[in-house]
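Structure first, commentary second.
Nothing here was measured: the structure is a model prediction, and the numbers come from that model. Residues: numbered from 1 along the sequence shown.
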Amino acid sequence: MSLLLPSLRELTLFRGIKDYLDAAERNRTVRKVFAIDRLVDYFGDTGRLEEISVLGIRKYRNHDLAQRVTNATVNIEVSTLSAIFRVQLHNSALEFNPCSMVSRLPENHRDVYICWDEFQQMVAVAGWLKPVITILYHTGMRLLRDYYPKDATEFGKVISDVDSPVLSGDGFFP
């Protein structure tokens, strides 16, 4: 009885992925495993790793973009493929990383807002950074339209409307 998995002696994408996942714990995050799944869906796992070319990677990128995948996701997937190649370069199994010839796509940066529950989780593990995180949350993570009034007469109203432990007297430092 034989397994349908490719041989680990041949340098296939499957072997490259296995070596990459075995190289470090940080390579096994959910995001990177998702990227690997998408790479395998496109390239297959039995093809030889050295047969993946710069043109093939660009075609993959265009295929993803045609499916309306965000530039950031495409960049993560190509970076994961590049990391797979880097492990093989480090192991002297390959001499060239074709991903190095593929430029990153521009990413749309978006504002990130942290809800109260997420803030509480951060504070719970912050240790000595708790005061810094608290100050950042209560001053720097606000929507400008809500906390910077158009004129000085509105300032007192805005401050009185804020539901904050600092302003309500509960405090947040132990």
Side-chain angles (χ1 to χ4, degrees), residues 1-137 139-141:
M1 180 172 148
S2 69
L3 295 174
L4 297 177
L5 297 175
S7 168
L8 288 179
R9 286 181 230 137
E10 184 179 347
L11 187 52
T12 61
L13 182 57
F14 176 80
R15 177 177 166 206
I17 291 168
K18 181 184 181 319
D19 292 347
Y20 170 73
L21 294 173
D22 291 344
E25 179 74 26
R26 70 177 183 269
N27 296 344
R28 294 184 223 124
T29 64
V30 172
R31 186 66 194 107
K32 290 180 181 177
V33 171
F34 177 77
I36 289 169
D37 285 344
R38 291 185 50 87
L39 291 166
V40 168
D41 286 345
Y42 184 82
F43 291 108
D45 60 357
T46 58
R48 296 183 51 78
L49 195 58
E50 59 266 6
E51 291 174 359
I52 297 176
S53 65
V54 174
L55 180 61
I57 296 166
R58 287 187 178 139
K59 285 181 180 179
Y60 170 74
R61 188 172 70 175
N62 292 337
H63 169 78
D64 266 7
L65 293 173
Q67 293 182 330
R68 303 181 72 73
V69 175
T70 66
N71 288 1
T73 299
V74 175
N75 286 340
I76 289 169
E77 292 168 3
V78 173
S79 293
T80 302
L81 182 60
S82 181
I84 292 168
F85 274 99
R86 275 194 312 273
V87 168
Q88 296 308 317
L89 287 170
H90 179 75
N91 294 341
S92 300
L94 289 175
E95 295 179 4
F96 176 67
N97 180 351
C99 298
S100 64
M101 301 298 295
V102 178
S103 60
R104 294 178 60 84
L105 297 170
E107 296 181 15
N108 297 330
H109 296 283
R110 54 186 182 249
D111 292 333
V112 176
Y113 300 99
I114 299 172
C115 71
W116 183 252
D117 292 337
E118 292 169 329
F119 169 69
Q120 292 298 323
Q121 291 173 359
M122 288 171 44
V123 167
V125 297
W128 65 272
L129 285 174
K130 184 177 179 180
V132 174
I133 291 172
T134 301
I135 289 169
L136 289 174
Y137 181 78
T139 59
M141 304 295 269

>> Return the CD to CG distance between Gln88 and Leu11, rounded to the nearest 0.5 Å.
In response: 5.0 Å
> So, are Glu10 and Arg15 salt-bridged, with charged N and O less than 4.0 Å apart?
Replying inline: no
> What distance do Ile84 atom CD1 and Leu39 atom CG have between them, rounded to the nearest 0.5 Å?
Replying inline: 6.0 Å
> Between the side chains of Tyr60 and Glu77, does any donor sit under 3.5 Å from an acceptor?
Replying inline: yes
> Under 4.5 Å between any side-chain heavy atoms of Leu65 and Val74, yes or no?
Replying inline: yes
>> Rounded to the nearest 0.5 Å, what separates atom CD1 in Ile76 from atom CG in Leu81?
In response: 14.0 Å
> Looking only at heavy atoms, which two atoms of Ala126 and Ile133 are closest? And how far apart?
Replying inline: CB-CD1, 3.5 Å
>> Quick one about Ser79 and Arg104 (side-chain donor to acceptor, distance below 3.5 Å, no hydrogens or angles considered), yes or no?
In response: yes
>> Quick check: do Thr73 and Asp64 have side-chain heavy atoms less than 4.5 Å from each other?
In response: no
> Does any non-hydrogen side-chain atom of Phe14 lie less than 4.5 Å from one of Thr46?
Replying inline: no
> Do other residues, nucleotides or ligands put more than 12 heavy atoms under 6.0 Å from the CD atom of Glu95?
Replying inline: no
> Can you tell me how far CE of Met122 sits from CG of Asp117, rounded to the nearest 0.5 angstrom?
Replying inline: 13.0 Å
> Which heavy atom in Thr80 sits nearest to a heavy atom in Ala35, and how many Å separate them?
Replying inline: OG1-CB, 3.7 Å
> How are the rings of Tyr137 and Phe119 set to each other: parallel, tilted or perpendicular (split at 30° and 60°)?
Replying inline: parallel
> Say you draw a straight line from CG of Asp37 to CG of Asp45; how long is it, rounded to the nearest 0.5 Å?
Replying inline: 10.5 Å
> Going through the distances and angles, do Ser103 and Arg58 end up as a side-chain contact (heavy atoms from CB on, under 4.5 Å)?
Replying inline: CA-CA 9 Å; Ser103 60; Arg58 287 187 178 139; over 6 Å; no
> Do you know the tightest heavy-atom contact between Ile57 and Phe43?
Replying inline: CA-CZ, 4.4 Å
>> Please give me the minimum heavy-atom distance between Leu21 and Ile36, naming the atom from each residue.
In response: CD2-CD1, 3.8 Å
> Between the side chains of Ser82 and Asn97, does any donor sit under 3.5 Å from an acceptor?
Replying inline: yes
> Can you tell me if Asn71 uses its side chain to pair, donor with acceptor, with the backbone of Leu105 under 3.5 Å?
Replying inline: no
>> Apply side-chain contact (heavy atoms from CB on, under 4.5 Å) to residues Leu89 and Phe96 and explain how you reach the verdict.
In response: CA-CA 7 Å; Leu89 287 170; Phe96 176 67; 5.5 Å; no
>> Using every non-hydrogen atom in the two residues, find where Tyr42 and Gly56 come nearest and quote the distance to one decimal.
In response: CE2-O, 4.2 Å
> Rounded to the nearest 0.5 Å, how far apart are CD1 of Ile17 and NZ of Lys32?
Replying inline: 14.0 Å
> Going through the checks in order, is the side-chain contact (heavy atoms from CB on, under 4.5 Å) test met by Gln67 and His63?
Replying inline: CA-CA 7 Å; Gln67 293 182 330; His63 169 78; 3.4 Å; yes
> Does the side-chain contact (heavy atoms from CB on, under 4.5 Å) test come out yes or no for Val132 and Leu136, once each step is laid out?
Replying inline: CA-CA 6 Å; Val132 174; Leu136 289 174; 4.1 Å; yes
> Which heavy atom of Leu13 sits nearest a heavy atom of Gly44, and at what distance?
Replying inline: CD2-O, 3.2 Å
